[in-house]
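Below is one structure, written out as structure tokens, with a few remarks after it.
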Amino acid sequence: MKKNLLLITLLLLGFITKAQKFDDLAQTPPMGWNSWNKFACNVSDEMLRDIADAMVSSGMKDAGYEYIVVDDCWHGERDSLGFIHENKEHFPSGIKATIDYIHSKGLKFGIYSCAGAETCAGKPGSRGHEFQDALTYAQWGVDYLKYDWCNTENINAIGAYTTMRDALYAAKRPVVFSLCEWGDNKPWEWGAEVGHLWRTTGDIYDCFDCEEDHGTWSSWGVMKILDMQDGLREFAGPGHWNDPDMMEVGNGGMTTNEDRAHFSMWCMLASPLIAGNDLTNMSEETLTILTNKEAIAVNQDSLGIQGFKFADKDSLETWFKPLSEGNWAVCFLNRSAEAKDIEFDWKTKVYDEFAKRDLDAAETSYEILDIWTNQKMGKTKKVLKTEVPSHDVVMLKLSKK
Ligand code: GLA
């Protein structure tokens with residue numbers, strides 16, 4: 001009897017320890033680069049090596065960008081035993097050689113697959129090959145997996161993503177698991193147990209506030225995506241993040257002001273910062289946006305609390321994000337076509353119900369830093385008066401002194 005109990009306990013323990021994601025990864029939002037937004041299906045060994053070189057030489061690596069993620073279309077065919085191989089034409093030395101090169105630069109490598117039998121671009125997906133694929137990724141040295149949701153009719157989302165989670169865990173190489181399920185099955189409600197980040201929306205589109213209609217589906221401008229984050233902040237935190245999609249900064253569809261607003265809001269949202277532009281050919285403005293130290297520090301703050309919209313009037317939004325050491329980030333976002341004057345009395349009551357934090361600037365004096373001009377702007381004693389250009393932000397850090 002006792003023996004049986006012991007056996008059952010051991011079996012249960014075995015099951016419990018097996019069924020989990022890798023803990024301790026993505027304690028701050030993952031930072032990196034992904035091929036899809038700029039290169040779509042044109043992925044190759046040469047391109048990825050060039051991107052890795054540029055990530056280092058541009059200063060992006062020093063700014064904190066770490067993962068180089070190849071999206072759809074790296075695939076060749078499955079062999080007779082069902083193992084997946086890279087496209088031999090685009091990866092003539094094998095994808096492992098590409099990954100080794102990326103690792104030699106001190107960077108990490110991410111790969112893409114799909115829960116369906118085919119990926120969104122019609123390449124072999126992982127359905128029915130989850131454990132095999134996870135082993136292959138581990139052998140290759142993969143550090144991050146983006147797992148898509150095309151061709152999944154009649155598949156249960158929690159089940160499919162959990163199977164891949166368990167496959168990755170069984171393969172024993174720590175992998176950040178990025179669920180790309182577009183928010184269809186409310187992944188924020190179950191994703192923390194399964195992965196480290198989950199897409200909250202359909203695909204991003206390189207425009208400020210448009211909807212791009214593809215017939216059966218739409219992709220979304222950055223303001224549209226921003227609005228879809230409403231109500232999700234409480235689900236995010238260290239190791240489990242809302243993902244409003246990879247960035248379009250530097251891809252040419254938006255002005256510099258709009259790119260800056262996009263980047264700032266992704267920082268306020270504690271969003272993964274996955275660049276999606278051609279790092280080998282960036283303007284000074286793009287690089288300045290992507291590597292702003294203070295904005296990145298807001299995103300990477302160790303508390304991992306997603307910011308919230310405090311006020312919204314006449315297309316001017318005020319966002320707050322509690323930071324560690326009692327500090328705060330504040331972002332005024334102007335969505336209108338004209339510049340807007342702002343006046344903000346720091347004595348305004350700002351209480352974050354979720355974080356249980358009170359700004360309390362009536363009692364506490366904060367030093368103000370303008371994150372984009374890098375100017376000190378005095379203290380929170382005086383009413384803030386400034387102008388926010390159209391489709392742009394004024395982003396501030398308030399430091400407790
Ligand atoms: C889906 C995803 C995108 C990208 C493409 C690739 O649309 O949401 O991010 O991965 O598939 O085909």
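Counting convention: from 1, in listed order, for ligands and their atoms alike. Numbers here are sequence positions counted from 1.
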- request: Go through the steps for Asp392 and Arg260 under the test salt bridge (Lys or Arg N to Asp or Glu O under 4.0 Å), then give the verdict.
  value: CA-CA 7 Å; Asp392 204 340; Arg260 181 165 42 240; 2.9 Å; yes

message: Is there a side-chain contact (heavy atoms from CB on, under 4.5 Å) between Leu384 and Phe332? Walk through the geometry before answering.
response: CA-CA 11 Å; Leu384 176 84; Phe332 299 95; 3.6 Å; yes

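- The aromatic rings of Trp198 and His240 lie parallel to each other, their planes meeting at an angle below 30°, with 60° marking the opposite boundary.
- Every atom of ligand 1 with a heavy atom of Trp182 under 4.0 Å away is listed here by number and element: 2 (C), 8 (O).
- The aromatic rings of His214 and Tyr205 lie perpendicular to each other, with more than 60° between the two planes, well past the 30° mark.
- Atom CG of Asp23 is surrounded by more than 12 heavy atoms from other residues, nucleotides or ligands within 6.0 Å.
- Annotation: Trp36 places no N or O atom under 3.5 Å from an N or O atom of ligand 1; distance criterion only.
- In summary, the side chains of Asn34 and Asp71 do present a donor paired with an acceptor at a separation below 3.5 Å, with no hydrogens or angles considered.
- Protein heavy atom in closest approach to atom 4 (C) of ligand 1: Asp71 OD1, 3.4 Å.
- Comparing heavy-atom distances from atom 3 (C) of ligand 1 across Asp203, Asp72, Asn34, Asp243 singles out Asp203 as nearest.
- Under 4.0 angstrom from ligand 1, there are no non-hydrogen atoms of Thr119.
- For Lys172, the NZ atom counts as loosely surrounded, since its 6.0 Å shell holds 12 or fewer non-hydrogen atoms of other residues, nucleotides or ligands.
- Atom numbering of ligand 1 starts at 1 in the shown order; those under 4.0 Å from a heavy atom of Cys120 are 1 (C), 11 (O), 12 (O).
- For ligand 1, the polar-atom distance check finds no N/O of Asp245 at less than 3.5 Å from any of the ligand's N/O atoms.
- Sulfur atoms SG of Cys114 and Cys120 are positioned 2.5 Å or more apart.
- Those atoms of ligand 1 with a heavy atom of Arg199 less than 4.0 angstrom away are 8 (O), 9 (O).
- Contact atoms of ligand 1 toward Cys180: 2 (C), 8 (O) (distance under 4.0 Å to a heavy atom of the residue).
- When heavy-atom distances to ligand 1 are checked against a 4.0 Å cut-off, Cys73 has no atom that comes that close, whether in backbone or side chain.
- Each of the atoms 3 (C), 4 (C), 9 (O), 10 (O) of ligand 1 lies under 4.0 Å from some heavy atom of Lys146.
- Classified by interplanar angle (parallel below 30°, tilted 30° to 60°, perpendicular above 60°), the ring pair Trp190/Tyr161 is tilted.
- If you look at Trp149 next to ligand 1, there are no close heavy atoms at all, none under 4.0 Å.
- Among protein heavy atoms, the minimum distance from atom 1 (C) of ligand 1 is reached at Asp148 OD2, 3.0 Å.
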